[in-house]
Amino acid sequence: MKLQLLPSTFDDAGPSPRQHLTCFVIDDSVAVDAGSLAMAVSPLQQSQIRNIVLTHAHLDHIAGLPLFIDDLFSTLTEPITVHATQPVIDTLERDIFNWSVYPRFSELSNANGPVLRYESFGQAEEFTVRNLTLRAVEVNHKVPSTGFLISDTETTIALSGDTAGTEGFWNLVNSADVMSAILVECAFPDELDELAVVSHHLTPRLMARELEKCERDCPVYIVNLKPMFREVIVDQIARLNLKGVTILEVGKAYQW
Ligand SMILES: [Zn+2]
């Protein structure tokens with residue numbers, strides 16, 4: 001399984017490690033979240049991605065979705081399928097694709113047919129997206145949010161999505177047959193503990209507490225570092241000296 005966290009900001013040297021937006025691309029063909037999808041996909045990814053799985057509807061996870069469909073509108077030969085829970089789909093239709101912020105693509109077609117369709121999944125459900133099997137688990141964020149186990153025939157990874165302290169995600173991680181990598185969020189530095197608690201995110205200290213629930217011995221990658229505090233968070237995580245825990249590099253293609 002190949003996974004890449006797409007860049008969301010660029011400086012003179014090219015893609016920057018600062019992560020304003022969240023969009024993972026698996027095997028160049030399935031997106032999990034769509035924060036920078038339109039802005040940072042490769043031509044190959046743009047030509048292959050027709051399935052987008054969403055963890056939740058916060059802007060940093062969906063910002064690139066309307067633009068991605070817009071870019072492809074006239075050329076699609078099959079609809080873009082958005083896989084999400086019903087509350088997330090309702091939010092997209094009410095607050096984004098509402099004709100005011102952007103067109104309601106779910107009601108529009110090009111010469112080949114519809115351009116956007118939804119497939120809803122429920123929490124604790126298992127569903128397939130192309131060659132991948134996903135197992136959904138509700139996590140603890142400010143809005144309805146999902147973490148996932150994502151498997152192909154050989155590999156399983158776990159993705160927490162945005163979350164504060166949670167139990168179900170770790171129960172699922174611990175009960176899986178195999179586990180190749182775990183991606184966990186850590187949005188704020190320890191000094192912003194209060195902000196992390198009210199916004200349902202983790203700090204290095206809280207993240208370390210979460211990892212105590214993890215019984216797997218596989219690499220753990222930290223994601224979703226707020227760009228303003230990136231250096232501080234990286235430093236605080238390094239000082240925790242947690243075995244097998246590293247920051248997921250923006251733009252790098254990982255293979256498990
Ligand atoms: Zn969020």
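As the structure lists them, so they are numbered: ligands from 1, and atoms in each ligand from 1. Small disclaimer: the values here were computed from a predicted structure and weren't measured.
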Contacts of Q123 that satisfy side-chain contact (heavy atoms from CB on, under 4.5 Å) - sequence neighbours left out: T85, A136, E138, T146
Total protein N/O/S atoms whose distance from the Zn ion (ligand 1) is less than 2.8 Å: 4
Do the two ring centres, one from F68 and one from F105, sit under 6.0 Å apart? no
For S106, check side-chain contact (heavy atoms from CB on, under 4.5 Å) against everything at least two apart and list the hits. E93, R104, L116, Y118
Result of checking V129, V30, L76 against R50 for side chain to side chain contact (heavy atoms under 4.5 Å, CB included): L76
Sorted by chain and residue number, the side-chain contact (heavy atoms from CB on, under 4.5 Å) partners of N112 (sequence neighbours excluded) come out as T77, N110
Examine F97 together with Y102 and report whether their ring centres are nearer than 6.0 Å. no
